[in-house]
2 protein chains.
Amino acid sequence: MTEKRRDIHNSEMPALCQACEARHHGMCGSLTPDELTQLNKIASRKEVSAGTALVADSEAVTHYSNILSGVVKLTKILSDGRQQIVGLQFAPDFLGRPFKTSSETNAESATTVRLCSFPRSAVDRMIEDSPSLEHRLLQQTLNELDEARGWMVTLGRKTAAEKVASFLYLIATHINPESDAVDGVSFELPLTRADIADFLGLTIETVSRQMTKLRKDGVVEIENNRHVTVPDLERLAHRASI
Amino acid sequence: MTEKRRDIHNSEMPALCQACEARHHGMCGSLTPDELTQLNKIASRKEVSAGTALVADSEAVTHYSNILSGVVKLTKILSDGRQQIVGLQFAPDFLGRPFKTSSETNAESATTVRLCSFPRSAVDRMIEDSPSLEHRLLQQTLNELDEARGWMVTLGRKTAAEKVASFLYLIATHINPESDAVDGVSFELPLTRADIADFLGLTIETVSRQMTKLRKDGVVEIENNRHVTVPDLERLAHRASI
DNA sequence: CGCTTCGTTGAAACACGTCAATAAGCGTGG
DNA sequence: CCACGCTTATTGACGTGTTTCAACGAAGCG
C-alpha cells in the first residue's frame, strides 16, 4: 500500500482531492491518480446541517460518501420507538454499506457535515477493479468492528458514570484527528444529551446527572452545555474504566 | 464470485475440503482448486473441548482457523474482571483478525469445537494474491459488523426479559445452519448461564429468572437446563421485540 | 458418597428510570 | 428591545427493574 502511494505525484491529482488528502487519510488514498481523476468527475460535494437524514432506514442506498468534516451518527430503532446509536463516524470515514442495497441502519448528521459523495454503481465497479481499494475498505470495516465490540463492553458492563466518562473520552480522542495533546483537550460536543443517552443506553436525565457529577469532581469543565474541557485525559480514562 | 465457483470441479478438490464444502459455505469457497490443494498441505484439523482458549488476550496470533463445527465465543474483559461476550461464531465462520498481530479480544470454545487451522503467514500471503479471498473476508467482516451493531441495540435498549428472548432467538436461528423450520425448533444451548449473562450484560440470577418466566409462559420448553424447544419462533421473536 | 460446578429461588439493597417542575438558550415577531 | 414560544438541559422526589447476598437443589465426577 505504501509503495502504491509513493508513485502518486501530487501534480497529477485533482486539485480538490489534493486539499482533502493533505488533511486526512481516507479511502481515496488507495486510488491511482487516474482513478482519482475519474472519480472526481462524478463526485459531488455538499454540506448538510445537523439532523439531516443521510441514509434512511430500508431505503435504497444510491450513494456512498467520504466524510470531510463533522460527525455522523448511525442509529437503529425498535418498533416501539426505542433508539440506539450503534456508531459514530468522523472524518475521513467512508459512509455506506457495500454489497447491500438496503440497510437496517440509519445515518444522520449529528453536526454540520461536509461530504464527498459518489454514485453507488461507480464505486461498486471501482471496488471490483481495484484490490487495493477493497483492501482499504476491509481495513476500515475491521476497525469499525473492533470499535463496535469495544462499545459493547461499555453498553453491557459499565455503570452510568463509567458510560458517560467513556463517551467523553471517545469524543476527546476522536474529534480532532491530528491532535495528540495529553493535557487540556477542549472541544464542542457533537451530540445533544438525547443523542448521548441513545448512544449509551441511558436516559437524558441520567446523562445530565453524571455530567454534573464529573463537573463537580473536577474531571471536566463544561461551558454552555456543549463546550467541554478535559484537563487530564488519564483521569477521565480512569473514570471510564479504560 | 458465483462464476468463480462454477469452474471448480469437485474431483480436483482435496478430499477433506470436499466434505467440508459440501456442508458449509466458508471462505475456502473463493479459492481455486490449486490454492485449496496448497492450503490443505499446511492445514491442521483439530478438535478442542469446551472452555479452551483459542486466542488469548494480547498474545501474538499465529494461526487463523475455519470453524467446522461448534460455537466460539469472543470475549473482552475490564481490568476489574467484568466480562462481556462481544460475539458468537458458528460454523463455517472464519476465526482470526487479519492485519493485526495482537488482539484485545479473546476467543474461547463454548462447546466442543472442530477447527481447520492455517499458519498466519500463509493465509496473509494468500489474501494478498487472491482478491476474491479478500472479498469474501470483507463480506464476513461486514456481516459481523451488522451483527455486532444489531446486538448493541439489545444491550443498550432492551429489558432483561427481551434480552433473554433475543438470545434464545439468536441461537435458535444460528445453531443449525441449514434448518429453516418455523415450528418446533429444538437445540442444545451452547452457553452456560454465566456465559449467557456475559453475553447479555446481566447477572446469572436474572438470566435464570427470565428463563423460568419464558418457560412458565409456554414460550419455550426446557429440559436438563440445556435442552431447549421453541414451539413457535414468531412468539419468541415477539418477546424479543424483533 | 462427598465434592464441586451449575442452576434456581427468595429477600433486601440500590442504581437507574419515570414523572414533574424549573431554568437556560435561541430564534421569531411585535 | 422585550415578550413569547420552543427546544434543550438541570434538578428533585419517587418508583421499579435489576443486582446483590444468601440459601438451597440438582447434576456431574472422582
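Fair warning: this is a prediction, and the values are worked out from it, not measured in the lab. Order of the sequence lines fixes the chain letters, A, B, ..., with proteins taken first and strands second; residue numbering starts at 1 for each chain.
Distance B/Arg193 CZ to D/dG28 P: 13 Å, rounded to the nearest Å. Here the P atom of nucleotide D/dA9 and the NE2 atom of A/His227 are 16 Å apart, to the nearest Å. A straight line from CZ of A/Arg157 to C1' of D/dT20 spans 13 Å, rounded to a whole angstrom. Going from atom CD of A/Glu205 over to atom C1' of D/dT11 covers 10 Å, rounded to whole Å. Atom CZ of A/Arg82 and atom P of C/dT18 are 10 Å apart (whole Å). For the pair B/Arg226 CZ and C/dT5 P, the computed distance is 16 Å after rounding to whole Å. Whole-Å rounding puts the A/Arg209 CZ to D/dG12 C1' distance at 8 Å. For the pair B/Glu188 CD and D/dA27 P, the computed distance is 15 Å after rounding to whole Å.
For the salt bridge (Lys or Arg N to Asp or Glu O under 4.0 Å) with A/Arg149, the lone residue among B/Glu144, B/Glu147, B/Glu104 that qualifies is B/Glu144. Exactly one residue among A/Phe167, A/Tyr169, A/Phe90 makes a ring pair (Phe, Tyr, Trp, His ring centres under 6.0 Å) with A/His174. That residue is A/Phe90.
B/Leu54 is listed as a side-chain neighbour of B/Val72, based on a closest heavy-atom distance under 4.5 Å.
In this model, no donor atom of one side chain and acceptor atom of the other lie less than 3.5 Å apart for B/Lys163 and B/Thr154. Between B/Ser241 and B/Lys158, the side chains place no donor N or O within less than 3.5 Å of an acceptor N or O (distance only, hydrogens not considered).
Here B/Thr206 lies in heavy-atom contact (under 4.0 Å) with a base.
The side chain of A/Asn224 places no N or O atom within less than 4.0 Å of a non-bridging phosphate oxygen (OP1 or OP2) of C/dA24.
Applying a 4.0 Å cut-off to non-hydrogen atoms, the residues of residues 196-204 of chain B that approach DNA chain D are B/Gly201, B/Leu202, B/Thr203, listed by residue number. Of all the residues in residues 211-222 of chain A, A/Thr212 reach under 4.0 Å from DNA chain D with at least one non-hydrogen atom.
For the helix from C/dC1-D/dG30 to C/dG30-D/dC1, the terminal axes (five pairs an end, C1' atoms, rotation from four pairs onto the next four) enclose an angle of 30°, given to 10 degrees.
In summary, B/Asp217 and B/Arg239 engage in a salt bridge, as defined by a charged side-chain N under 4.0 Å from a carboxylate O.
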A/Leu200 vs A/Thr206, side chain to side chain contact (heavy atoms under 4.5 Å, CB included): CA-CA, chis, key distance, verdict: CA-CA 10 Å; A/Leu200 296 171; A/Thr206 302; over 6 Å; no

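Within 6.0 Å of CG on B/Asn224 lie no more than 12 heavy atoms contributed by other residues, nucleotides or ligands. With a 6.0 Å radius and a threshold of 12 heavy atoms from other residues, nucleotides or ligands, A/His238 has its NE2 atom at or below the threshold.
Applying the 3.5 Å distance criterion, the base of C/dC16 shares no donor-acceptor pair with the side chain of A/Gln210.
When all heavy atoms of A/Gly218 and A/Pro231 are compared, the pair lying nearest together is O-CG, 4.3 Å.
The backbone N or O of A/Thr112 sits nowhere less than 3.5 Å from a side-chain atom of A/Ser109 that would complete a donor-acceptor pair.
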